[in-house]
There are 2 protein chains.
Amino acid sequence: MPRVGLTRDTLVSAAADLADEIGFDHLTLAVLAERFGVRDASLYTHVRGLTDLLESVALLAHDEWADTLGRAVAGRSGHAALTAFADAYRAFATGNPGRYAATRYPVSPERLAASTGVTRIIEACYALLRGYDLVEPDATDAVRLLRSTFHGFSDLEAVGGFTADRDLDASWQRAVNALHHTLTNWSQI
Amino acid sequence: MPRVGLTRDTLVSAAADLADEIGFDHLTLAVLAERFGVRDASLYTHVRGLTDLLESVALLAHDEWADTLGRAVAGRSGHAALTAFADAYRAFATGNPGRYAATRYPVSPERLAASTGVTRIIEACYALLRGYDLVEPDATDAVRLLRSTFHGFSDLEAVGGFTADRDLDASWQRAVNALHHTLTNWSQI
DNA sequence: GAAAAAACCTAGGGCTATTAGGAATGTTAT
DNA sequence: ATAACATTCCTAATAGCCCTAGGTTTTTTC
């Protein structure tokens with residue numbers, strides 16, 4: 001029989017897609033192997049184990065996410081940058097549930113330090129703040145507030161935590177506008 | 001040999017404590033059984049299976065959380081109620097990581113509907129808004145904003161998402177004050 | 001085309017969840 | 001008190017997953 005031609009990248013990429021389909025915590029070596037018509041033991045030539053695979057998916061997700069967020073804020077500032085960032089953030093979370101969940105997988109500090117994804121996301125967050133001119137430590141406080149709100153909303157939405165009979169998009173816009181208001185009036189807080 | 005005298009409640013309570021110690025996703029029937037010096041198969045007389053146990057822990061966590069949040073807002077209003085709620089929220093998350101993680105376990109809709117925990121949490125959230133006098137749909141938007149910020153911050157903190165060299169408590173206070181500012185100036189948003 | 005490297009396989013061990021059925025311990029009724 | 005019953009906990013066994021060890025086969029390299 002011919003050889004499938006697996007690669008580490010092929011596996012990680014397919015695993016990320018699989019996570020989006022069946023959920024990150026249902027991602028298993030067995031089901032990934034099955035997708036390629038291969039035995040699970042065969043994956044160990046390309047991947048050190050399940051942990052390695054999951055960490056790799058997490059890092060991939062970070063990178064892809066950083067890309068879209070970076071594109072969102074590029075060339076924009078102030079309110080426009082904020083809404084673009086916010087919408088890109090939420091769109092990634094809802095459109096790629098598996099990757100988004102992977103984002104919270106505990107990657108080893110070494111691998112995390114070797115990757116640029118996370119820092120690029122936070123940098124994009126700082127970048128969008130430039131229009132509001134805040135100085136440290138206010139900028140860090142503001143970044144943490146933004147990330148908390150965006151992440152909290154996206155996560156609660158993903159878990160089905162919002163049940164009230166009210167349009168979610170409207171609530172989201174309100175939240176983003178509230179953040180804009182906060183950032184423009186930061187000195188009064 | 002004498003009998004251990006297990007109960008469904010004993011198991012669920014011990015499982016919650018265990019989750020706080022070793023992490024919710026390391027909670028397993030085997031380790032729970034071991035804690036009682038019992039075989040894992042013996043747990044099935046009290047619990048339908050792993051899913052049942054995890055769901056029960058989630059519901060317990062919801063209830064306990066609702067209790068503390070309810071106590072926090074009782075007798076307070078406005079800024080005092082907000083900070084009390086916020087601090088109780090974060091304290092629960094950081095002090096009970098296993099229970100907090102359990103909170104996001106997907107409980108079946110039927111069991112969720114039969115429990116009062118989640119609704120009591122949201123009610124406490126609405127209650128603290130009374131001091132800011134908002135009417136629907138603004139109140140729902142505001143509740144969603146509050147929950148998003150609190151949950152996002154707590155979750156990012158739990159995952160180790162905040163790495164900047166800046167006191168976390170200070171950032172938290174800032175976030176809470178920002179929310180207070182938003183709620184008092186809601187009409188301008 | 002032979003040697004070396006790499007991809008993939010089979011076999012098997014360990015851990016977990018789960019089911020089936022048996023033994024031991026409480027409890028209730030007479 | 002003792003017989004009948006109910007319940008707790010057990011052993012045994014299956015299945016699925018992660019993972020290791022070592023063998024075969026394909027591909028590459030010279």
Side-chain angles (χ1 to χ4, degrees), chain A residues 1-60 98 101-102 104-108 110-111, chain B residues 1-60 98 101-102 104-108 110-111:
Chain A
M1 331 83 181
R3 206 155 274 191
V4 186
L6 293 179
T7 305
R8 186 183 170 81
D9 289 348
T10 322
L11 280 181
V12 173
S13 173
D17 294 342
L18 205 49
D20 283 332
E21 293 171 28
I22 64 177
F24 182 71
D25 32 55
H26 291 105
L27 181 57
T28 156
L29 287 178
V31 61
L32 180 60
E34 190 187 21
R35 164 149 304 197
F36 287 102
V38 150
R39 297 311 181 106
D40 51 350
S42 304
L43 301 183
Y44 283 79
T45 19
H46 309 282
V47 157
R48 216 169 292 167
L50 181 64
T51 305
D52 180 23
L53 179 74
L54 297 182
E55 286 189 345
S56 302
V57 172
L59 293 176
L60 174 68
R104 254 173 331 171
Y105 184 81
V107 178
S108 78
E110 304 83 41
R111 292 192 69 179
Chain B
M1 336 77 182
R3 206 156 275 189
V4 186
L6 293 179
T7 306
R8 183 183 172 81
D9 289 347
T10 321
L11 281 180
V12 173
S13 173
D17 293 342
L18 206 49
D20 282 333
E21 294 171 27
I22 64 176
F24 182 71
D25 32 54
H26 292 105
L27 182 56
T28 155
L29 287 179
V31 63
L32 181 60
E34 190 188 20
R35 165 151 299 200
F36 287 101
V38 150
R39 298 311 182 104
D40 49 351
S42 305
L43 302 182
Y44 283 80
T45 17
H46 308 283
V47 156
R48 216 168 293 166
L50 181 64
T51 305
D52 180 23
L53 178 74
L54 297 181
E55 286 188 347
S56 303
V57 172
L59 292 176
L60 175 68
R104 254 173 331 168
Y105 186 79
V107 179
S108 77
E110 305 82 43
R111 292 191 71 179

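Per chain, numbering begins at 1; letters A, B, ... match sequence-line order.
Counting heavy atoms of neighbouring residues, nucleotides and ligands inside a 6.0 Å radius, atom CZ of A:Arg111 exceeds 12 of them. No more than 12 heavy atoms of other residues, nucleotides or ligands shown are found within 6.0 angstrom of CZ on B:Arg39.
Rounded to whole Å, atom C1' of D:dT7 lies 15 Å from atom CG of B:Leu11. What separates CG of A:Leu43 from P of D:dA21 is a distance of 17 Å, to the nearest Å. What separates CZ of B:Phe36 from P of D:dT8 is a distance of 14 Å, to the nearest Å.
With A:Thr45 contributing its side chain and A:Ser42 its backbone, the two residues share a donor-acceptor pair below 3.5 Å. When atom types are taken as modelled, the side chain of A:Thr28 and the backbone of A:Ala30 share a donor-acceptor pair closer than 3.5 angstrom.
Counting only heavy atoms from C-beta outward, the side chains of A:His46 and A:Thr7 never approach each other to under 4.5 Å. When side chains are defined from C-beta on, B:Phe36 does not count as touching B:Leu43, because their heavy atoms never get closer than 4.5 Å. Using a 4.5 Å cut-off on side-chain heavy atoms (C-beta onward), B:Thr51 and B:Tyr105 make contact.
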Protein-to-nucleotide contact annotation, 5' to 3' order, nucleotides 6-18 of chain C [B base; S sugar-phosphate only; - none; under 4.0 Å, heavy atom]: BBBBB-----SSB
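Fit an axis to the five pairs at each end of the helix from C:dG1-D:dC30 to C:dT30-D:dA1 and the two axes sit 10° apart, to the nearest 10 degrees.
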Check against salt bridge (charged side-chain N to carboxylate O under 4.0 Å, His left out), A:Arg35 and A:Glu21: CA-CA 12 Å; A:Arg35 164 149 304 197; A:Glu21 293 171 28; 3.0 Å; yes
